[in-house]
Amino acid sequence: MDRQTVRAIAGGSAEALGRLYDRHAAAMFGLACRMMTRREDAEEVIQDVFAQVWRQAARYEAGRATVVGWLVMVTRARALDRLRARRARPDLDGAVDPDGAPPLAATAPDPEQVVISGLEASKVRAALVSLPEAQRALVELAYYEGLTHTEIAETTGVPLGTVKTRLRTATIALRGALTS
Amino acid sequence: MNGDRPVTTTHEQFQDLVAAYAFDAIDVHERQPFEAHLAGCESCREALADLRRASVGLGLSIDPVEPPADLRARTLAAAVSQPRAVVAVPARPSTPTVAPASSTWRRLGMAASVALVAGLGTYSVMLRGQVATLSGLLEQAVNESAAVRRELATARLDSARLVNTISVLGSADVVRVDLRGQATAGAAVGRAYVSSNDGLVFSAQGLPQLQAGRTYQLWVVPPGSNAAPIGVGTFDVDASGRTALTVPMPGGVMAAAVAVTEEPSGGSPAPTSPILLVGAVSS
């Protein structure tokens, strides 16, 4: 049903965009709120997300990701854009040009599939929660705050090499959750 | 800043970066060398694929938060008001397999082609001669379009389309088609201005509301008894059953008739349901 909705959006149906919003905005807003420090910024991320969906619905490929997976990737990408724009120029209001930003890994075009089921998603979440504190904190800093290795090292005082190793160990557990 | 240099080429050090890359946490100066390594390393690509899925999984496992009630209208209005090309539904006139099954379509093409040959030349001369009438119709069509757009809950600002509407109405080969409702849309009326070169301007009212998963589709029927109808666009109607759209015409196509059917969302390569609104080019 979601795929039909995206097709209708690609055909120009504003009503279909509204239906997609009604189904998924709360989930994406939850993610945006977790990543942004201010509510208003999370609201702007949602606007960025649905603006991108409207522009790019024709490019969505059903085989590569579920619609909701695609929305997660778009939401993370747009949230990271705003986070980093704000960090670079805290005096500006975080205005971004999503089409002008360099492509992020999560949205860079490639032939891999990013399909994940609800059950797999909860396994990943469970794996995250059961990580040792030090590793979990790093994953959350990287994933939700969008900090790079270097920024994590500077913020936490943990040496850069240790940051890299801990992140790698943590993600082995996350990968394991997908294959268990 | 610590004194770290960009990564060397050992595979292990790139392995450290896979997670960061999947989460968009990789340092700017490490991105290029990593992508170069990725191109030639199967195991890193597999790891990246898994971690991208984990990344989506983490995003999906966040608790939803109900956005403020007014965010919906703001978000949708801003999204749909972006400049957007009008896309004609793909239809390939050169494919012989989409010949219409119904004889209604064949009769339509045949009867209208007679009128077309006889009347087209005279009609367009007449039309060009009636400058005052034409600019009145132009103003009316623009006003109707503007009124319909305002009525729609999500206002669709498209200045490019407005320019196309004006150029269609002012083109030398424009013909007018009055459409009458049929079958379940007996109360509907429509009007189309068709220019083979510049496009098609269409408006209608009185069309029934659509069910979920359905759309209206606009067709032009070329002259000739075997001409297949060509889809030129899909549309929905507002709460009062009105619509207006301007679409390009497929290259080299002349319209003998214009028709509307109801199709599954996204449109169909050929009509799959009865004609709801139809009109032939008149002289």
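Because only heavy atoms are used, hydrogens play no part in the values below, and waters and symmetry mates are left out as well, while side chains stay in. Chain letters run A, B, ... following the sequence lines, proteins first and then strands; every chain starts at 1.
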Look up atom [atom1] in [X] and atom [atom2] in [Y], then write down how far apart they are to the nearest 0.5 Å.
{"X": "A:T148", "Y": "B:I26", "atom1": "OG1", "atom2": "CD1", "value": "9.5 Å"}
{"X": "A:K164", "Y": "B:Q15", "atom1": "NZ", "atom2": "CD", "value": "13.0 Å"}
{"X": "B:L58", "Y": "A:E140", "atom1": "CG", "atom2": "CD", "value": "9.0 Å"}
{"X": "B:R72", "Y": "A:L17", "atom1": "CZ", "atom2": "CG", "value": "8.5 Å"}
{"X": "A:F29", "Y": "B:T75", "atom1": "CZ", "atom2": "OG1", "value": "9.5 Å"}
{"X": "B:I62", "Y": "A:T75", "atom1": "CD1", "atom2": "OG1", "value": "11.5 Å"}

Measure across [X] and [Y] and return the closest heavy-atom pair with its distance rounded to 0.1 Å.
{"X": "A:A121", "Y": "B:S61", "answer": "O-CB, 4.0 Å"}
{"X": "A:A26", "Y": "B:P67", "answer": "CA-CD, 4.0 Å"}
{"X": "B:L76", "Y": "A:G18", "answer": "CD1-CA, 3.6 Å"}
{"X": "A:L80", "Y": "B:F23", "answer": "CD1-O, 4.4 Å"}
{"X": "B:V80", "Y": "A:A14", "answer": "CG1-CB, 3.8 Å"}
{"X": "B:D50", "Y": "A:L178", "answer": "O-CD1, 3.3 Å"}

Using non-hydrogen atoms and a 4.5 Å limit, figure out which bit of [X] sits close to chain B: side chain, backbone, both or neither.
{"X": "A:E43", "answer": "both"}
{"X": "A:F50", "answer": "both"}
{"X": "A:L147", "answer": "backbone"}

For the candidates [options], which exhibits the highest count of non-hydrogen atom pairs separated by less than 4.5 Å from chain B?
{"options": "A:R34, A:R7, A:H149", "value": "A:H149"}
{"options": "A:M35, A:Q47, A:M1", "value": "A:Q47"}
{"options": "A:I172, A:D22, A:V139, A:L141", "value": "A:D22"}

ask   = Between the main-chain N or O of B:G59 and the side-chain N or O of A:Y143, is there a donor-acceptor pair closer than 3.5 Å?
value = yes
query = Is A:Q4 reaching over with its side chain to a backbone N or O of B:G213, donor-acceptor style, under 3.5 angstrom?
reply = no
key: Top of B:P264, B:A212, B:A54, B:S265 for chain A proximity - count of heavy-atom pairs under 4.5 angstrom   = B:A54
task = Tell me, out of B:T215, B:D63, B:L60, who's got the most heavy-atom pairs with chain A below 4.5 Å.
result =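 Most pairs with chain A among the choices: B:L60.
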request  = Might you confirm whether atom CD of B:Q32 has over 12 heavy atoms from other residues, nucleotides or ligands at distances under 6.0 Å?
outcome  =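 No - once you tally the heavy atoms of other residues, nucleotides and ligands closer than 6.0 Å, there are 12 at most.
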inquiry  = Checking A:E44 against B:R74 for the salt bridge (Lys or Arg N to Asp or Glu O under 4.0 Å) test, could you report, in this order, the C-alpha distance in whole Å, the side-chain angles of both residues, the deciding distance, and whether it holds?
reply    = CA-CA 10 Å; A:E44 295 199 349; B:R74 276 190 281 140; over 6 Å; no
inquiry  = Report which part of B:A47 has an atom under 4.5 Å of a heavy atom belonging to chain A: side chain, backbone, both, or neither.
reply    = both
